[in-house]
Structure formats: C-alpha cells, structure tokens
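Computed from a predicted structure; not experimentally measured.
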Amino acid sequence: MRPRIIAVTGPTAVGKTEYTIKLARAVNAEIVSCDSMQLYKYLDIGSAKPTAEERAQVRHYLVDEIDPAGDFSVAKYKRLAENAIDEILEKGKIPLVTGGTGLYLDALLYDMDFGPQPADTTKSRRAELIRFAETEGNEALHALLEKEDPDAAARIHPNNVVRVARALEAAERGEKIAPFRDSRKKSGKYDVLLIGLTRDRQELYDRINMRVGMMLEAGLVDEVRDLRDKGLTREDIAMKGIGYKEIFDYLDGICTLDEAADNIRKNTRHFAKRQMTWFRKYDDIKWFCLTGRNEDEITEELIEWVRRKL
RNA sequence: GGAGGAGUGCCCGAGUGGCUAAAGGGGGCGGACUGUAAAUCCGUUGGCUUCGCCUACAAUGGUUCGAAUCCAUUCUCCUCCA
C-alpha cells in the first residue's frame with residue numbers, strides 16, 4: 001500500500017504558509033517544502049520564507065537546505081523530498097508537502113523518471129548550444145534537434161532555446177526527453193491528498209502588490225546586497241528568482257528602486273498566473289477559495305475535510 | 001491677453017488621403033512545460049448573428065469616390081511671451 005501524504009499548493013501569496021502550519025498542527029504532520037526558492041539559504045525575504053516563529057511551530061524540511069551558489073535541479077529535489085518524506089513517515093507522522101513549484105510537485109506526484117545523473121559536461125555543452133542559437137539563429141538550433149530527436153523537436157517551439165538546447169544535449173548522449181503528459185497519467189509512489197488554495201484574481205494581485213512593499217520595508221535590498229557581497233551574481237540560479245533579479249538591476253544602476261519594485265510586482269503577478277495554469281491540469285485537486293471567507297471558518301473546513309479523508 | 005505645440009484602442013506610443021480595426025511596447029487574459037521551473041516559451045486583446053457587418057483615432061460640421069490623416073469651429077492640456 002502506498003503511503004499517504006498531503007500536498008497543499010496554490011499561487012504565490014495566496015496564504016499557503018499560514019494555513020499549512022495550522023493544518024499540520026491539527027493532523028500531526030510535518031512540512032516538506034515544495035518551493036524552488038525557499039530551498040536556498042540566505043534567500044529569506046525575497047522568497048517569502050516562513051519565519052523562525054512559524055518554523056518553530058512545525059518542523060519544516062527543505063527550507064534553508066542548499067547553498068545558493070550551487071546548481072540545482074528537479075531531480076535533486078525529488079531525491080531530497082523523498083528522503084524527507086520517508087523520514088517523517090518513519091516517525092509515524094504525516095508528510096505535508098507544500099509549495100507552489102509545479103514541476104517539483106509533479107516530480108513527487110507522478111512517476112517522473114529523470115534517468116542517470118547528467119555528466120559534468122552538461123552545463124558547458126548546453127551553454128555552447130545556446131551560444132550557437134545566438135549566432136546562427138533559433139531555427140538553426142532547432143534544425144539540429146530535428147535531426148537528433150524529431151519527436152522532441154515537434155513539441156518544442158524553436159524560440160524556446162533553453163529547452164531546445166536541453167533536449168539536444170540529452171539526445172546527443174542517446175537519451176530522449178519523455179513527454180510530460182505520459183508521466184502524468186501514472187500515479188507516483190505516494191497516495192496523495194491534493195489540496196489547492198486559491199483566491200479571486202484581483203484579491204491575489206492586491207496581496208502580491210502589498211507583499212512586495214512589505215519585502216522592501218523588511219530589507220530586501222540589503223538582503224540582495226549581502227548575497228552579492230557573498231560573491232553571487234545574476235548568473236546564479238538562485239539570483240534569477242523574482243525579487244532578486246530585479247534588485248540586481250537596481251543595484252547595477254539599470255533602473256530606479258521604484259521601477260525595480262514595479263517589476264517585482266509585475267513578475268510576481270505573471271508568475272501567479274502561470275502557476276494557476278499549471279494547477280488547473282490537476283483533475284484530482286480539492287480547491288478551497290479563500291476570498292471572502294472568515295479565516296477561522298475556512299481553517300476549520302480545511303482541517304475537517306482532511307480528517308475525513310485520512 | 002498674445003505666440004506656438006498637442007489630443008490615437010485599458011496605458012504608452014507610431015501613423016500625415018486609400019494597402020488601417022490602426023505598427024511597436026506595456027498591462028490584461030489564455031496556453032505549453034521531464035534535470036535553471038520564481039526559469040523558458042507560445043497565443044490573444046473594440047463589438048457582433050465573425051469568410052460579413054457595426055462602432056472607433058477629443059467633439060461637431062465640412063472637403064473628397066475615399067479621412068486618424070486636409071479645412072472650420074468648439075472643448076481640454078502643455079510650453080513660451082505679457
């Protein structure tokens with residue numbers, strides 16, 4: 001029998017942290033983060049990481065876990081998360097996966113096979129291919145993929161250079177990238193109770209706009225400056241997150257602080273929209289809309305629903 | 001009071017007689033997604049009974065076969081001189 005886990009997802013700024021902690025306490029669960037940015041050490045403000053007080057209430061896994069200078073990938077996340085889940089299960093507690101990184105969630109929900117670890121040359125080879133696209137054109141790179149892996153070429157748009165390069169790099173090593181929709185049909189190793197939190201679009205956007213202001217007040221600029229002093233550059237993956245890349249622009253004199261703040265708000269709204277698109281494909285998800293609801297009432301409803309299902 | 005300049009779709013902005021429901025950008029909305037995923041990429045954006053019709057480039061009237069584009073008047077805004 002597959003072990004039962006709970007997963008709570010939803011767009012950024014919907015209120016996952018808050019509700020998840022209440023739920024975890026109510027059902028004796030521990031939290032496994034499913035967030036590609038909160039994973040990194042030192043990215044506290046910009047990633048909206050749960051506070052020390054919040055983390056003191058429930059054990060959190062995969063928050064503050066890795067160094068922002070290194071590389072990371074879904075495959076690595078999958079391993080780390082499965083280890084954390086096993087650890088929680090051994091304690092006799094329920095793993096509660098929570099976060100808004102759709103791809104990472106899929107890696108746990110479905111049988112996504114990432115194959116062997118890529119060779120060390122992967123990164124440079126892919127960079128090479130991207131450079132090729134810059135000089136020879138996107139179509140030229142896509143044509144190479146067409147020869148190596150026609151199936152992949154057919155479903156990846158030529159302008160999506162990052163993905164064309166990735167598929168090509170895999171094809172050159174004799175691997176094929178499995179289409180996403182195939183894996184989605186298969187169930188993964190866990191029996192997942194999938195919950196989605198949502199709000200009306202306008203309210204969500206208002207919350208996002210407000211939260212960005214709070215991040216700035218909380219010292220986001222200093223946080224980014226410190227990271228830069230630690231040696232991180234905008235090339236590091238962790239610095240490509242929303243809230244970081246825009247502040248880099250400000251620190252580099254490319255734009256004013258107000259413009260950077262506007263860009264953070266805008267990019268966060270876009271991100272939330274993309275997340276909703278992703279989550280809409282889950283047909284077994286139970287949605288709770290938080291708009292216009294009393295907080296205690298909705299919390300109770302959520303906990304009750306979970307208890308009935310467990 | 002006088003002299004110039006400007007008013008374009010949700011916003012910015014191009015367009016100086018037909019090829020304009022109007023370039024481009026932003027924003028909004030929708031979508032894709034298997035090793036950077038808070039990434040990367042695609043589509044759409046006046047209305048309708050949608051191979052056609054209607055309403056549109058401040059307003060009204062005019063010139064013309066034809067006007068966002070030319071003329072007149074009105075309104076609003078900006079700059080400069082008093």
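What you find for A:I45 and A:A218 is that their closest heavy atoms are CD1-O, 3.2 Å.
Regarding contacts with the backbone of B:A39, a side-chain N or O of A:K245 is found under 4.0 angstrom from either OP1 or OP2. The phosphate of B:U36 has neither OP1 nor OP2 within less than 4.0 Å of any side-chain N or O from A:S36. Note on A:R274: every side-chain N or O is 4.0 Å or more away from OP1 and OP2 of B:A38. In this model, the phosphate group of B:G28 is approached by a side-chain N or O of A:H270 to a distance below 4.0 Å at OP1 or OP2. The side chain of A:Y110 places no N or O atom within less than 4.0 Å of a non-bridging phosphate oxygen (OP1 or OP2) of B:C33. For the pair A:Y244 and B:A38, the criterion of a side-chain N or O lying under 4.0 Å from OP1 or OP2 is not met. An OP1 or OP2 oxygen of B:C33 is reached within less than 4.0 angstrom by no side-chain nitrogen or oxygen of A:R166.
Because its glycosidic torsion is within 90° of 0, B:C51 is reported here as syn.
Straight-line distance from the CZ atom of A:F279 to the C1' atom of B:C33: 13 Å, rounded to whole Å. Per the geometry, CG belonging to A:N160 stands 6 Å off P belonging to B:C41, to the nearest Å. With rounding to whole Å, A:N263 atom CG is found 19 Å from B:A38 atom P. Distance, A:L103 CG to B:A37 C1': 6 Å, rounded to whole Å.
A:G46 comes within 4.0 angstrom of a nucleotide base, judged by non-hydrogen atoms across all strands. Across all strands, A:T12 comes closer than 4.0 Å to no nucleic acid atom at all (heavy-atom distances). No contact: A:R265 has no heavy atom under 4.0 Å from any strand. A:Y77 comes within contact range of no nucleotide atom at all, as no heavy-atom separation falls under 4.0 Å.
Considering only side-chain atoms of A:V162, the nucleotide from B:U34, B:A38, B:U36 that sits closest is B:U36. When the nucleotides B:G28, B:A32, B:U36 are ranked by their closest atom to the side chain of A:T277, B:A32 comes out on top. With distances taken from any side-chain atom of A:R163 to the nucleotides B:G30, B:A39, B:A38, the minimum falls on B:A39. The A:R155 side chain lies nearest to B:U34 when the options are B:C29, B:U34, B:U36. When distances run from any side-chain atom of A:I177 to the nucleotides B:C29, B:A32, B:U34, the shortest one goes to B:U34. With distances taken from any side-chain atom of A:W278 to the nucleotides B:C42, B:C33, B:U34, the minimum falls on B:C33. Listed nucleotides: B:G30, B:A38, B:G28. Nearest to the side chain of A:R201: B:G30. Considering only the side chain of A:N159, B:C41 comes nearest among B:U34, B:A38, B:C41. Comparing B:G30, B:U34, B:U36 by their nearest atom to the side chain of A:I237 picks out B:U36. With B:U36, B:G30, B:A38 as the candidates, the nucleotide lying closest to the side chain of A:D35 is B:A38.
In this structure, CD1 in A:I5 is found 8.5 Å from CG in A:D191, a value given to the nearest 0.5 Å.
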Working for side-chain hydrogen bond (donor to acceptor under 3.5 Å, both in side chains), residues A:D106 and A:Y282: CA-CA 10 Å; A:D106 278 11; A:Y282 295 136; 2.5 Å; yes
Working for side chain to side chain contact (heavy atoms under 4.5 Å, CB included), residues A:L108 and A:Y77: CA-CA 9 Å; A:L108 295 179; A:Y77 172 77; 3.8 Å; yes
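Taking atom P on both nucleotides, B:C48 is separated from B:G18 by 30 Å, rounded to a whole Å. Rounded to whole Å, the C1' atom of B:A67 lies 16 Å from the corresponding atom of B:U60. Of the P atoms belonging to B:A37 and B:G46, the separation is 36 Å, rounded to the nearest Å. Across the C1' atoms, B:A39 and B:C53 are found 45 Å apart, a figure rounded to whole Å. Of the C1' atoms belonging to B:U8 and B:C77, the separation is 15 Å, rounded to the nearest Å. With both ends at atom P, the span from B:U64 to B:G15 equals 28 Å, rounded to whole Å. Atom name P, nucleotides B:A72 and B:A23: the rounded distance is 30 Å, in whole Å. Comparing the same atom, P, in B:A14 and in B:C81 gives a spacing of 26 Å after rounding to whole Å.
Remark: A:E136 engages no residue in a side-chain hydrogen bond (donor to acceptor under 3.5 Å, both in side chains) (not counting sequence neighbours).
Judged purely by distance below 3.5 Å, without hydrogens or angles, the side chains of A:E223 and A:Y244 pair a donor atom with an acceptor atom. Between the side chains of A:R211 and A:T268, no donor-acceptor pair of N or O atoms lies under 3.5 Å. Residues A:D206 and A:Q202 bring a donor and an acceptor atom of their side chains to less than 3.5 Å of each other.
Within the 3.5 Å criterion, the main-chain N or O of A:S47 finds a donor-acceptor partner in the side chain of A:Q38.
For residues 292-302 of chain A, the pairs satisfying side chain to side chain donor-acceptor pair (under 3.5 Å) are A:K22-A:E295, A:R293-A:E297, A:R293-A:E301, with sequence neighbours left out.
RNA chain B forms stems at B:1-7 with B:75-81, B:10-12 with B:24-26, B:27-32 with B:40-45, B:46-48 with B:52-54, B:58-62 with B:70-74, each a run of 3 or more consecutive Watson-Crick or G-U wobble pairs whose two key distances fall under 3.5 Å.
With hydrogens and angles ignored, no donor-acceptor pair closer than 3.5 Å exists between the side chain of A:K273 and the base of B:G28.
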